[in-house]
Amino acid sequence: MTDTTDTDNQPSDDWPSDSTELSDDTTNDEVSPEVTSEHRGWSQLWMTEDWWAVWLGAVILTVSFLAVFVSRPSDVDTRLEAIAAKSKEIPSIDDGDAKNAAQKELDALKKSIAPNPFKSLVTKLQKWDDNPLAAFGTGKKGLTGADVPAVIAIGLVSLVLFSLGVVAMGGKIEQFAPAFIVLFLLTILAMVLSAQSAVKALGLSYPLWAILIGLSISNTVGTPAFLKPAARTEFYIKTGLVLLGATILLKKLLALGLPGIFVSWVVTPIVLISTYIIGQKILKIASKTLNITIAADMSVCGVSAAIATAAACKAKKEELTLAVTMSMIFTAGMMFAMPLFIKSVGMSDLLGGAWMGGTIDATGAVAAAGELLESNVALEAAVIVKTIQNVLIGVIAFGVAIYWVTFVEKSESKAVVGVGEIWRRFPKFVLGFMAASIVFTILTTTLTAGDEMVSSMIKGTTKTLGTWFFAMAFVSIGLESNFRELAKNMQGGRPLLLYIIGQSINLILTLAMAWLMFEVVFADFVKENLK
Amino acid sequence: MTSRFPITADHKKIKPRVQLALVAFGIIVVWGFVLPWFSRQPNVSSWNQRLEEKKIDASALYYAELEYEPEQVLPMWPKTED
């Protein structure tokens, strides 16, 4: 293979200003001025997308949590005691019907502890088989479209929040608002396509269809100029990531015991770093940002890790598109192939589940693959290993951001980077992401019914809003990409080769570590304690 | 040599518009007919039903998007005897 120079990562004088970075604002010049040295100091707090993502995320999280907090019943303690008693009672019930009834009672009790008043206003689209209108919910009388007001509410809330940021950053509301409405309609279309039951069953998620919708326009008639002010990929991604931070609850680490932590947290960084090194030293991938985005995507947890890493190192939109597309295609294949292989070789449920959890990229596909093994232990082990990996996103994004501003950009500019410069270059939204994770981990562990309240907030409000923001970001990416640029990033298939080599290392190391932990080092512990 | 019918801006736009119409047509055919037919196939239908019973969304990107909640499979530390 020929050596290539790292032309894609050449810094310019007024960093960051690579015209095709995720932070690309060249299409939004009329809406928001580029961050320049003039925006150093305090003015960054209200003039940059990074900080606006933090503020918007903080507002959404605060309002959402307070809504659940003030709605909690006054007799929370009594209900918690009832839940504890019921949880102890259920395993001892022999009769199946009685057990189901008790479980339903327990679920109702759990729900009653932390009602979310926003739940009916913030909705994702429903799964549909043959009538796309069913994506908008079905009312009590069987009429489709019951969720339309909720979808409109999400659009309006998003419009108001992002308009605030855009206007504060010097944009014009009269340009942004109409463009945003069209962008939101395109996002709804992408979400409808992704909600089709066969598409969902194959594990093909909304980013793929959102990119497809955007590309369909940009590569045929071209993205209309009036639409460009709303194509603010980075703003939507960063705000979504701050919301995602609140779901990274560190207590999730504990669910698979010490062996699970070894499988998720030792192998993953090794695979990430070795894939990056192979990409740079052997495959000579020209773009370091593409290299690290693929490495994180493949080794951590697919699309969500790719989004966080790409934003942390300011990867190009086309690079994120490439990483996401490869991840989804391989995920769909591995979701069906791995359970078949595990069954055919007679691997134990726990080992097979942990192996799939550590290697299949997306969480939903991991759960589906666990279900294909027809074992609760496999399903739970798979999802828990993946969940522990999910928690790694924050650490990886933080680590990549620090490494990039300290070493990658330093070596490119060949200048000594001081602490002040590192702070200036550091993507500030990562701080919001980390802060959200820490604050909500503390709330879950210190407040009475904190776990239930945070879970209610995430599931009822912030998770769904974050999904809509990411979908808007991917439509924006599609609108600003073209097939020629995407093809250029393929570099003769080297990114694909990188993914395959990295995933092979991942498969071997994860299997070795899971076998060592569950069947050798902690074999007695597992035998005694496995439910 | 100049054309008798010069190509105007409107003429140039015809091809891209046709391309967009073809993409839209493709989406309508695939999502309107092919995928619904695929969903009705016994294997796909029973697979969907299994996922639904377990509250698994195979297209979820992140654990918070899953309704399925795993239990604690193993305790964090081996129990110590008092």
Side-chain angles (χ1 to χ4, degrees), chain A residues 127 129-130 132 192-194 196-207 216-217 219-222 244 247 252 254-260 301-304 335 350 362-365 367-368 370-371 377 379-381 383-384 386-387 390 458-459 463 467 470 522 525-526 528-531, chain B residues 9-10 12-28 30-41 43-81:
Chain A
K127 190 165 80 175
D129 292 319
D130 45 22
V192 170
L193 298 186
S194 72
Q196 206 283 331
S197 59
V199 171
K200 280 179 107 61
L202 291 171
L204 299 171
S205 195
Y206 66 89
S216 301
I217 295 171
N219 286 272
T220 54
V221 291
L244 186 70
T247 67
K252 298 278 178 195
L254 310 180
L256 200 54
L258 204 53
C301 52
V303 175
S304 38
M335 180 171 94
L350 183 60
T363 312
E371 172 59 17
V377 169
L379 173 58
E380 290 182 1
V383 175
I384 290 169
K386 185 48 68 182
T387 303
N390 280 181
I458 292 169
K459 292 190 170 173
K463 169 201 74 177
T467 301
F470 286 144
F522 292 98
F525 169 66
V526 170
E528 279 170 27
N529 294 287
L530 189 63
K531 284 183 179 178
Chain B
D10 280 349
K12 277 182 183 171
K13 277 183 184 171
I14 290 173
K15 202 183 166 197
R17 282 179 187 166
V18 170
Q19 287 174 342
L20 183 62
L22 283 174
V23 171
F25 179 72
I27 288 174
I28 290 168
V30 173
W31 267 266
F33 301 98
V34 179
L35 290 170
W37 170 82
F38 190 56
S39 290
R40 284 192 296 272
Q41 299 311 299
N43 283 346
V44 181
S45 174
S46 65
W47 172 232
N48 262 325
Q49 208 173 333
R50 256 173 83 182
L51 292 176
E52 210 160 301
E53 278 166 15
K54 284 278 171 81
K55 296 179 180 175
I56 293 171
D57 176 359
S59 66
L61 296 178
Y62 193 71
Y63 84 87
E65 289 179 23
L66 273 185
E67 269 188 67
Y68 167 78
E69 280 192 27
E71 289 179 20
Q72 178 100 21
V73 175
L74 287 171
M76 187 62 194
W77 305 106
K79 282 176 190 164
T80 51
E81 293 195 9

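Each chain gets a letter, A, B and so on, in the order the sequences are listed, and its residues count up from 1. All values below were derived from every heavy atom in this structure, side-chain atoms included, with hydrogens, water molecules and symmetry-related copies excluded.
- Pairing each heavy atom of A:Thr363 with each of B:Leu61, the nearest pair is OG1-O, 3.3 Å.
- Checking side-chain atoms of A:Ser304 against main-chain N and O of B:Tyr62 turns up no donor-acceptor pair under 3.5 Å.
- In plain terms, the two heavy atoms of A:Ser216 and B:Val23 that are nearest each other are OG-CG1, 3.3 Å.
- Looking at B:Arg17 and A:Thr220, their side chains never come closer than 4.5 Å, going by heavy atoms from C-beta outward.
- With a threshold of 4.5 angstrom between heavy atoms, B:Trp47 approaches chain A through side-chain atoms but not through N, CA, C or O.
- No part of A:Phe470 comes within reach of chain B, as not one of its non-hydrogen atoms sits under 4.5 angstrom from that chain.
- Distance check: B:Glu65 CD to A:Leu244 CG gives 8.5 Å after rounding to the nearest 0.5 Å.
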Stepwise side-chain hydrogen bond (donor to acceptor under 3.5 Å, both in side chains) check, A:Gln196 with B:Ser39:
CA-CA 9 Å; A:Gln196 206 283 331; B:Ser39 290; 3.0 Å; yes
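- Of the two parts of B:Ile27, only the side chain, counted from C-beta on, holds a non-hydrogen atom closer than 4.5 Å to a non-hydrogen atom of chain A.
- For the pair A:Asp130 (side chain) and B:Pro36 (backbone), a donor-acceptor distance under 3.5 Å is absent.
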Given the rule in the side chain to side chain contact (heavy atoms under 4.5 Å, CB included) test, do B:Lys54 and A:Leu379 qualify, once you have shown the distances and angles that lead to the verdict?
CA-CA 10 Å; B:Lys54 284 278 171 81; A:Leu379 173 58; 4.1 Å; yes
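- The choice from A:Lys463, A:Lys386, A:Glu371 that makes the most heavy-atom pairs within less than 4.5 Å of chain B is A:Glu371.
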From CA spacing to verdict: salt bridge (Lys or Arg N to Asp or Glu O under 4.0 Å), A:Lys127, B:Asp57:
CA-CA 10 Å; A:Lys127 190 165 80 175; B:Asp57 176 359; over 6 Å; no
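- For B:Ile56, the part lying under 4.5 angstrom from a heavy atom of chain A is the side chain only.
- Contacts of A:Ile458 with chain B are made by side-chain atoms alone, with heavy-atom separations under 4.5 Å and no backbone atom involved.
- Looking at heavy atoms from C-beta onward, A:Ser197 lies out of side-chain contact with B:Leu35 at the 4.5 angstrom threshold.
- In terms of non-hydrogen atom pairs under 4.5 Å with chain B, the most contact-rich of A:Ala362, A:Ser205, A:Pro132 is A:Ser205.
- The line from CG of A:Leu202 to OG of B:Ser59 is 10.0 Å long, rounded to the nearest 0.5 Å.
- Only the side chain of B:Glu52 comes within contact range of chain A, judged by heavy atoms closer than 4.5 Å.
- Counting all heavy atoms, side chain and backbone alike, A:Ala201 lies closest to B:Ala58 at O-CB, 4.1 Å.
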